[in-house]
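Every chain is numbered from 1, with letters handed out A, B, ... down the list of sequences. Computed from heavy atoms alone, side chains included, the values below leave out hydrogens, waters and symmetry copies.
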Amino acid sequence: MKVLELKNVNKIYNSTEVKVHAVNDVTMDFVEAEFAAIVGPSGSGKTTLLNLIGGLDMPTSGEIIIGGTNLSKLKPSQLIDFRLNNIGFVFQSYNLIPVLTAKENVEFIMTLQKWPEKERDERTFELLWAVGLGDRINSRPTKLSGGQQQRVAVARALASKPKFILADEPTANLDSKAATTLLEIMEKLNHESKITFIFSTHDPRVVKMAHRVITLEDGKVISDDIRELPA
Amino acid sequence: MKEEFKIAWRNLWRNRRRTIITSASVFFAVFFAVIMRSYQLGSYDHMINNFIESFTGYLQVQNVKYQDNPLIDNSFDYSDSIASAISEINKVVSVSPHLESFTLASSGTQTKGAAVIAIDTEKEKNFSDPESKLVKYRITDEAIRRLKDAGAISDNVLEKVKKNLGRSYSSSARLELELGLTDEEKELCMPEILKCSEVSNGFLANDDEGILVSDRLASYLKVAIGDSVILMGQGYHGVSATGIFPVRGIIKMPSPEIDNKLIIMTIPAAQKFYDAEGKITSLVVNLTDKSDRTIKTAKARINSLLPDKNTIAKTWYELNPILYQQIQGDSQSGAAMLALLYFIIFFGIFGTVLMMVSERKREFGVLVAIGMQKKKLKRIITMEMLLLGAIGLVCGLLASVPLILYFYYYPIMLKGELANMMEDWGWDAVMPTAWFGPYFYWQAVIVVLMVVLATIYPLRKIGKLKEIEALKG
């Protein structure tokens, strides 16, 4: 089942002198439970594409359709609600709320979605155990290592039961061991919960684990290598 | 809302030192503003109580010409029924008839111009209560000699008593304060000092033909109880008013200006002296509530009761425009000082806001990116800012409460040069605080307004926030 469709998506930045075609006529689909990596050299448009898919930026032309909804048609406040209920984000530098504990950070998304307290608690514990942090639920981000913080960020991204998770260079700030642990957890969650993961990455470990590798260059998709379709 | 409050509260303590410094600046601003304002308003209130309640009253019924031309010719007929009707008006405490004029007072070779206030001794008890101002203690050579002979007080205390030679007091508390004794000295010596300095005094009977003389005037005229004073002046419609009056008592007026020239007698005696049968110059009305609204309402009600168009009710500030303007001017300069203080504090708060926005731009971006509506984020920031102001505000108000209460019940009694200077200005030399009123609650309004004003900046920033740019930091 398609969770995301991109139709002739373009993103052009107009600076004073130069026109930068950051994303150039990209058309592709993502289906449920995909574990996809977008790769390419710096400046190839990976992050821009991820921002467009995440509704954080609007394409200059083309359509991005998530679960039948065209993002361009949504008002700003509708777009925020849409992101809340449909997209999970994992950022390169974790971006947890520093004043909240691990549990509260995960719970926060569900609070925004107005989940009942009991269900919220149950899911928070379930997710934190799933990312291996069941014993650190009451720790604030400053008391957690980078790898642990990124795992909390993954749990937070999953909390809203999104259609897919966008992860922008999630392993870039992690050491080798932490990166491997994180990737194993994400792959496991992808397998168990059937949630689509879309990464932008330089990390060969991510590329190795990905079921699909999309290569960008100068904003264009130059290859889309589907290694294994989700079951 | 609970979640938003939790985040706002925790955000506040992310930079503990900065929050403490900002809250402390609000705390000190509120604390000093409340104390300053309380003392200022307390002083006005005291001045009004001292001067107005014992002299002018909050309202006076007068002949329309009397204020501009305060002659006995501009008096009016006293009617007991109108006085009773006025006393029935809501919030009226007392209605006291006065017949006021001027005279020359003479005794032996001494002569001085004096103000005569003729009163109804019974009704006046509810107004200026002159009986409470009778001199009870006087430091004289005789009193000092008796203290020395008794041998019950130390040389040090005796020296302190000698410094107040010639002064008189209508209460033991004032005498005690003026002497400046230590607690131990008070306990040991005050009973003996009071005993030796006590003086006998008298008061006016209902239809008395005698007079009360203010302390400083009595000293000038060199008269004491039992002596006679000759009064000479002009009576009603230009008749000559001359009479000899026995001194029944000496009173100590709080205002030195009044203490220098006051003679009190009964209304019948004054009407006879000035040949103004049935006339009074004013009907003094006192109220329970001193608010402007009450005064204006009472004035309108009184005016509606007056049958004669030549008589009119006037407020204390119409009767004392200079005093009123003096209070208003002083109050406004005090308010300007506070405005300056708050203006400076505002920039402290605004500085904190600027830092906070700059530090958390990326975080705002993340919150909106993961699905928090901007209005919710704005609510959190507003809450955070209000909490920041509220900590300083509540602490400032709480810290000022005990001081206000203490100095309301135990006002600072001024001594020395400052006290003399205030007395020369005609003010009683005490510094009380004002009871909690709008000035107290207004600090909360000001702080909230400052915070709201400072919060406009982050709210605008959030409103214009673009997730992509904010996420770049």
Side-chain angles (χ1 to χ4, degrees), chain A residues 11 13 22 47-48 50-58 75-101 103-115 117 120 140-142 153 156-162 165-166 168, chain B residues 1-19 352 355-385 387-388 391 458-473:
Chain A
K11 180 69 187 177
Y13 292 110
T47 301
T48 305
L50 229 57
N51 287 338
L52 292 171
I53 294 170
L56 298 174
D57 204 356
M58 281 294 129
K75 290 177 188 166
S77 65
Q78 289 174 325
L79 193 57
I80 294 172
D81 275 341
F82 188 83
R83 281 200 300 263
L84 172 68
N85 295 312
N86 296 282
I87 309 168
F89 290 91
V90 178
F91 301 97
Q92 183 179 333
S93 45
Y94 332 131
N95 288 335
L96 298 175
I97 303 170
V99 294
L100 299 181
T101 62
K103 174 181 176 279
E104 288 163 344
N105 261 289
V106 176
E107 216 174 28
F108 180 68
I109 294 286
M110 290 179 277
T111 311
L112 292 177
Q113 289 179 308
K114 298 187 172 67
W115 281 41
E117 194 177 343
R120 218 164 57 199
R140 292 231 183 144
T142 48
R156 179 178 69 180
L158 283 163
S160 64
K161 295 194 172 172
I165 287 175
L166 296 175
D168 186 13
Chain B
M1 192 61 93
K2 191 179 149 197
E3 188 72 13
E4 290 168 20
F5 183 83
K6 183 168 77 183
I7 295 174
W9 178 254
R10 289 191 190 168
N11 273 337
L12 206 56
W13 301 106
R14 282 162 85 156
N15 194 329
R16 193 174 291 264
R17 189 177 296 175
R18 191 170 64 204
T19 299
T352 302
M355 297 278 278
M356 183 261 281
V357 171
S358 147
E359 281 170 7
R360 282 162 51 190
K361 189 177 166 194
R362 185 190 182 93
E363 190 180 311
F364 293 163
V366 170
L367 288 168
V368 176
I370 63 173
M372 181 184 261
Q373 286 291 351
K374 286 181 180 177
K375 63 182 177 191
K376 204 175 179 79
L377 181 56
K378 285 177 181 177
R379 269 209 302 273
I380 291 177
I381 298 304
T382 307
M383 239 181 246
E384 194 178 323
M385 293 305 299
L387 281 169
L388 182 72
I391 293 169
L459 296 190
R460 275 178 63 87
K461 280 276 173 191
I462 292 168
K464 289 179 177 175
L465 183 130
K466 289 201 177 352
E467 293 90 321
I468 286 287
E469 285 166 21
L471 283 167
K472 284 177 190 162

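- Of the two parts of B/E363, only the side chain, counted from C-beta on, holds a non-hydrogen atom closer than 4.5 Å to a non-hydrogen atom of chain A.
- When each of B/K374, B/K375, B/R14 is checked for heavy-atom pairs under 4.5 Å with chain A, B/R14 comes out on top.
- Contact annotation for A/I109: only side-chain heavy atoms (C-beta onward) come within less than 4.5 Å of a heavy atom of chain B.
- The backbone N or O of B/V368 lies less than 3.5 Å from a partner atom in the side chain of A/R83, making a donor-acceptor pair.
- Residue with the most contacts toward chain B among A/I97, A/T47, A/L112, A/I80: A/I80 (heavy-atom pairs, distance under 4.5 Å).
- Proximity to chain B (any heavy atom under 4.5 Å) is shown, for A/L56, by both the backbone and the side chain.
- A salt bridge links B/R10 to A/E104: one of the charged nitrogens lies within less than 4.0 Å of a carboxylate oxygen.
- In this structure, the portions of A/S77 lying under 4.5 Å from any heavy atom of chain B include both its backbone and its side chain.
- Salt-bridge formation is not detected for the pair B/K378/B/E4: no Lys NZ or Arg NE/NH1/NH2 atom is positioned less than 4.0 Å from an Asp or Glu carboxylate oxygen.
- Taking a 6.0 Å sphere around NZ of A/K11, one finds it holds more than 12 heavy atoms contributed by other residues, nucleotides or ligands.
- Using a 4.5 Å cut-off between heavy atoms, B/K376 touches chain A through its side chain atoms alone.
- Heavy atoms of A/L96 lying under 4.5 Å from chain B are absent altogether.
- Contacts between B/K6 and chain A at a heavy-atom distance below 4.5 Å involve the side chain alone, from C-beta outward.
- Between B/F5 and B/W9, the angle of the ring planes stays under 30°, which puts this pair in the parallel group of the 30/60° scheme.
- Nearest heavy atom pair, residue A/G54 against residue A/I87, reads O-CD1, 3.6 Å.
- Panel note: side chain A/N51, backbone A/D57; no donor-acceptor pair is recorded below 3.5 Å.
- For a residue to count as touching a neighbouring chain, one of its non-hydrogen atoms must lie under 4.5 Å from one of that chain's; by this rule A/F91 touches chain B with the side chain only.
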